[in-house]
Colleague: 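Have a look at the structure that comes next, please.
What you see is a predicted model; the values in this text were computed from it and never measured. The chain is numbered in sequence order, starting from 1.
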Amino acid sequence: MAAELTVPQLSAKHRPTLDQALSAIRSRAYWSPHPEHPKAYGETAAADGLAAFEAVRGTRFDLGQPGTDGWTGGEVSPYGPELGVEYPHGDPDVLLPAMKAGMAAWRDAGPEARALVCIEILARIGARTHEFAHAVMHTSGQAFMMAFQAGGPHAQDRGLEAVAYAYEEQTRVPGQADWSKPQGKRDPLDLGKTFTAVPRGISLMIGCNTFPTWNGYPGLFASLATGNAVLVKPHPRAVLPLALTVQAAREVLTEAGFDPNLVALAVDRPGEGIAKTLALRPEVKLIDYTGSTEFGDWLEANARQAQVYTEKAGVNTVVVDSTGDYKGMLANLAFSLSLYSGQMCTTPQNLLIPRDGIATDAGHKTYDEVVADLAASVGGLLGDDARANALLGALVNPDVKARLEAAAALGEVALASREVVNPEFPDAVVRTPVMVKLDASKPDPDAAYLSECFGPVSFAVAVDSTADALELLRRTVREKGAMTVGAYTTSADTERAIEEVCLEESAQLSLNLTGGVYVNQTAAFSDFHGSGGNPAANAALCDGAFVSNRFRVVEVRRQA
């Protein structure tokens, strides 16, 4: 097929971006090519994006994929409206061979061409950030600004970061080498050698409900940039953002002269559960998954033909030992507990507080005072309904609401949840967080704080001492995993002890956050999301290990 986009054109346009991304992952300094502010996209971008989102509602989303044997859909926004979009349902016996057919040409294009095509896909997505923001908002329940930033530029950053790591790992080995081994008086042994990064096969990306693009883009672009075809299987409640992504990818691949079937969409019929079926297909050699521990464990145990990358559940913990900024600590924790109704895999759940209290710049605070002050801080933050709606978004599904309502029976309620009315979307289910006081002094294998309670639920756990808090931290990370750990202390020795636990148990740690950076936020090119070293996830977003096993290097030797 004739290419409308040539490699020289793409190189002139995107090679500087690739070089900056490569520099950023080496320096770990702040960098992002994707603007966070909605006004940066032009005067008409907001209206155009909303119009584009509204235009796709109630339509049939035809991607021109082979093997389409029907149509399916059924997404309902957490804010109330039905999206009414129908997506192609594919026959894998037709679709998967069609996806494999384009892989040879994609492989032969080489790492740089693949990286540049991927960056062009991200640029097309970036130009439609307002449209994507509405799609993310109305599938995940995120408030608009969070959907705009996390579902737009931050997700695009994570995708670009994966492309940069993929390029770096593939180019560690030269494409060719002349090899000559001296043989004394005899002629040397001369060989010409070529080294080609070859893909593993079809990559299955299983999307999540809460962050379809942010969690989906790393695996999608890591696999595509390393030469694999990618089958995108969204969560049934959050199809549209990834369908738009597949649409953009197919358009760019076509224009660049590659087979558009290198990226395709797979959507369930209601109750069909095609993820299990696809995960066991012999053509599928890579799987990326974000979601429940139960299904993540199933994938790891059963999809033996594939390299499986999972992000599952964990018990995120904050150790409160002491602080030099009591007011700042309370404000920081209150925001962390409230953002997106606690529906982030990085949101703190367990707050471990010594029962004798803590030293602060405002004087000694008892356990009860710390808990009461934190509850008041959350209440103050969310006291205004307009601000509460902007921070909380909507509960993503009925399971979260059920967990929230059940939490009040687990112990003494320090902060009761309340219903918030969203005047723009009266059907949205919006609730403020609940905080429950628990005691760790009596060993209980079924204690609520030993399991993840996903949603706007936190436990203020009284412990006998900071040393006991560290033992409980170690136990929960080792047994249940953690995506994040936070801690507050003014003691260098305590800080070192907390750091040692996190180093030994491979948990990402944030210390003494009192400003505008929160434990549940991570920045691409600098912060690692997960570590791959505890049960919460077997991979980190994003590092060399996340991409290096998505391809193999095949050598061809020729007699010189």
Colleague: Locate the shortest heavy-atom distance separating P16 from S11; write the atom from each residue and the value.
Modeller: CD-O, 3.8 Å
Colleague: Any donor and acceptor pair, going by atom type alone, linking the side chain of N316 with main-chain N or O of T347 inside 3.5 Å?
Modeller: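 Yes: the side chain of N316 pairs with the backbone of T347.
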Colleague: Going by an N to O cut-off under 4.0 Å, is there a salt bridge joining D178 and R558?
Modeller: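 R558 and D178: not salt-bridged.
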Colleague: Using only atom types and a distance under 3.5 Å, with no angle test, would you say the side chain of Q307 pairs donor to acceptor with the backbone of I287?
Modeller: no
Colleague: Kindly write out the residues that satisfy side-chain hydrogen bond (donor to acceptor under 3.5 Å, both in side chains) with D48, not counting sequence neighbours, or none if the list is empty.
Modeller: T44
Colleague: Kindly give the heavy-atom pair with the smallest separation between D527 and Q521, and that separation in Å.
Modeller: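 Closest heavy-atom pair between D527 and Q521: OD2-O, 4.5 Å.
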Colleague: Shortest non-hydrogen contact from F61 to P88?
Modeller: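 The answer is O-CD, 3.2 Å.
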Colleague: Using only atom types and a distance under 3.5 Å, with no angle test, would you say the side chain of Q170 pairs donor to acceptor with the backbone of P111?
Modeller: no
Colleague: Does the side chain of H134 pick up a donor-acceptor pair with the side chain of E54 at under 3.5 Å?
Modeller: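 Result is no, nothing qualifies.
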Colleague: Work out which heavy atom in N302 is nearest to a heavy atom in L280; give both atom names and the distance.
Modeller: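 Reported closest heavy-atom pair: O-CD2, 3.4 Å.
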Colleague: To the closest 0.5 Å, what do you measure between CG (L511) and SG (C502)?
Modeller: 8.0 Å
Colleague: I want to check a possible cation-pi pair here: R550 against Y309, using under 6.0 Å from ring centre and within 45° of the ring axis as the test.
Modeller: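 The answer is yes; both the distance and angle limits are met.
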Colleague: Testing the basics here: between M146 and Y340, what is the closest heavy-atom pair and its distance to 0.1 Å?
Modeller: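 Distance-wise, the nearest heavy atoms are SD-CB, 3.4 Å.
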Colleague: Less than 4.5 Å apart, any side-chain heavy atom of L83 and any of F53?
Modeller: yes
Colleague: How many angstroms lie between atom OG1 of T59 and atom CD of E86, to the nearest 0.5 angstrom?
Modeller: 9.0 Å
Colleague: Can I206 and L278 be said to form a side-chain contact (heavy atoms from CB on, under 4.5 Å), step by step?
Modeller: CA-CA 10 Å; I206 304 173; L278 293 171; over 6 Å; no
Colleague: Could you list the donor-acceptor pairs under 3.5 angstrom formed between side-chain atoms of residues 208-216 and any protein atom two or more places apart in sequence or on another chain?
Modeller:
residue: N209; atom: ND2; partner: T139; partner atom: O; Å: 3.1
residue: T213; atom: OG1; partner: G151; partner atom: O; Å: 2.9
residue: N215; atom: ND2; partner: E311; partner atom: OE1; Å: 3.1

Colleague: Is there side-chain contact between L224 and V263, with at least one heavy-atom pair below 4.5 Å?
Modeller: yes
Colleague: Using atom types as modelled and distance alone, determine if a side-chain donor or acceptor of R60 lies under 3.5 Å from a backbone N or O of Y87.
Modeller: no
Colleague: Please answer whether the main-chain N or O of L63 pairs with a side-chain N or O of R250 as donor and acceptor at a distance below 3.5 Å.
Modeller: yes
Colleague: Salt-bridged, R15 to E112, with N to O below 4.0 Å?
Modeller: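 Result for this pair is yes, salt bridge flagged.
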Colleague: If you measure from CD on E499 to CG on L509, what distance do you get to the nearest 0.5 Å?
Modeller: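 Nearest 0.5 Å value for the CD-CG distance: 7.0 Å.
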Colleague: For the pair S531 (side chain) and G533 (backbone), establish whether a donor and an acceptor sit closer than 3.5 Å, ignoring hydrogens and angles.
Modeller: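 Pair found, side chain donor or acceptor close to backbone of G533.
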Colleague: Keeping the roles fixed (side chain from T484, backbone from T346), state whether a donor-acceptor pair exists under 3.5 Å.
Modeller: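 Pair found, side chain donor or acceptor close to backbone of T346.
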Colleague: Using 0.5 Å steps for rounding, measure from the CG atom of N261 to the CG atom of L95.
Modeller: 7.0 Å
Colleague: Hey, are the side chains of D19 and T17 touching, using non-hydrogen atoms and a 4.5 Å cut-off?
Modeller: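 They are not in side-chain contact.
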Colleague: Set out, in order, the CA-CA distance, both residues' side-chain angles and the distance that settles side-chain contact (heavy atoms from CB on, under 4.5 Å) for L220 and D288, then state yes or no.
Modeller: CA-CA 8 Å; L220 192 166; D288 288 278; over 6 Å; no
Colleague: Is R28 positioned over the aromatic face of F528, cation under 6.0 angstrom from the ring centre and no more than 45 degrees off axis?
Modeller: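 R28 over F528 ring: yes.
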Colleague: Test your reading of the model: is there a side-chain donor-acceptor pair from T226 to the backbone of A222, 3.5 Å cut-off?
Modeller: yes
Colleague: Would you check if the distance from the ring center of Y165 to the ring center of F546 is below 6.0 Å?
Modeller: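 Not close enough - the centres of the two rings lie 6.0 Å or further apart.
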Colleague: Measuring only between side-chain heavy atoms, which start at C-beta, is P348 closer than 4.5 Å to Y518?
Modeller: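 P348 does not reach Y518 side chain to side chain.
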Colleague: Say whether, by atom type as modelled, one donor and one acceptor occur between the side chain of E555 and the main chain of K193 under 3.5 angstrom.
Modeller: no
Colleague: Output yes when E75 and R57 qualify as a salt bridge under the 4.0 Å nitrogen-oxygen rule, no when they do not.
Modeller: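 Salt bridge absent between E75 and R57.
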Colleague: Does this structure show an ion pair linking D108 with R114, if we count only N-O contacts that are shorter than 4.0 Å?
Modeller: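 Not counted as a salt bridge, because no side-chain N and carboxylate O are separated by less than 4.0 Å.
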Colleague: Pair E505, N534 - check side chain to side chain donor-acceptor pair (under 3.5 Å), show working.
Modeller: CA-CA 7 Å; E505 303 302 332; N534 69 65; over 6 Å; no
Colleague: Does D268 have any salt bridge (Lys or Arg N to Asp or Glu O under 4.0 Å) partners at least two apart in sequence or in another chain, and if so, which?
Modeller: K233
Colleague: I'd like to know whether T245 forms a side-chain contact (heavy atoms from CB on, under 4.5 Å) with V232, so could you lay out the CA-CA distance, the side-chain angles of the two residues, the decisive distance to 0.1 Å, and finally the verdict.
Modeller: CA-CA 9 Å; T245 301; V232 176; over 6 Å; no
Colleague: Please answer whether the main-chain N or O of Q142 pairs with a side-chain N or O of S140 as donor and acceptor at a distance below 3.5 Å.
Modeller: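 Present.
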Colleague: Checking E300 now: which residues fulfil side-chain hydrogen bond (donor to acceptor under 3.5 Å, both in side chains) with it, not counting sequence neighbours?
Modeller: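 E300 satisfies side-chain hydrogen bond (donor to acceptor under 3.5 Å, both in side chains) with T310, K312, N538 once adjacent residues are dropped.
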Colleague: Is there a side-chain contact between P199 and F551 (heavy atoms, below 4.5 Å)?
Modeller: no
Colleague: Give the minimum heavy-atom separation between A164 and L18, together with the two atoms involved.
Modeller: CA-CD1, 4.4 Å
Colleague: Taking the side chain as C-beta and beyond, is there a heavy-atom pair between Q343 and S341 under 4.5 Å?
Modeller: yes
Colleague: For the atom pair CD (E251) and CG (L5), what is the distance rounded to the nearest 0.5 Å?
Modeller: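 Between atom CD of E251 and atom CG of L5 there are 11.0 Å.
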Colleague: May I ask you to check whether over 12 heavy atoms, not counting those of E294, lie within 6.0 Å of atom CD?
Modeller: no
Colleague: Would Q247 and R128 count as a side chain to side chain donor-acceptor pair (under 3.5 Å) here? Give the steps.
Modeller: CA-CA 12 Å; Q247 181 187 61; R128 300 166 63 182; 3.0 Å; yes
Colleague: Which residue pairs pass the side-chain hydrogen bond (donor to acceptor under 3.5 Å, both in side chains) test when at least one of the two sits in residues 148-158, sequence neighbours left out?
Modeller: S32-D157, H34-D157, E36-H154, T129-Q156, R158-E161, R158-T522
Colleague: Do F221 and L160 have side chains that approach each other closer than 4.5 Å (heavy atoms only, starting at C-beta)?
Modeller: no
Colleague: What I'd like to find out is whether the side chain of S203 reaches to under 4.5 Å of the side chain of V284, using heavy atoms alone.
Modeller: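 No; the side chains remain at least 4.5 Å from each other.
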Colleague: For K13, which residues count as a side-chain hydrogen bond (donor to acceptor under 3.5 Å, both in side chains) partner, sequence neighbours excluded?
Modeller: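 K13: side-chain hydrogen bond (donor to acceptor under 3.5 Å, both in side chains) contacts with E120.
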Colleague: In Å and rounded to the nearest 0.5 Å, what is the CG to CG distance from N228 to L231?
Modeller: 12.5 Å
Colleague: Decide yes or no on side-chain contact (heavy atoms from CB on, under 4.5 Å) for R26 and E168, but give the supporting numbers first.
Modeller: CA-CA 10 Å; R26 294 164 187 155; E168 184 159 83; 2.7 Å; yes
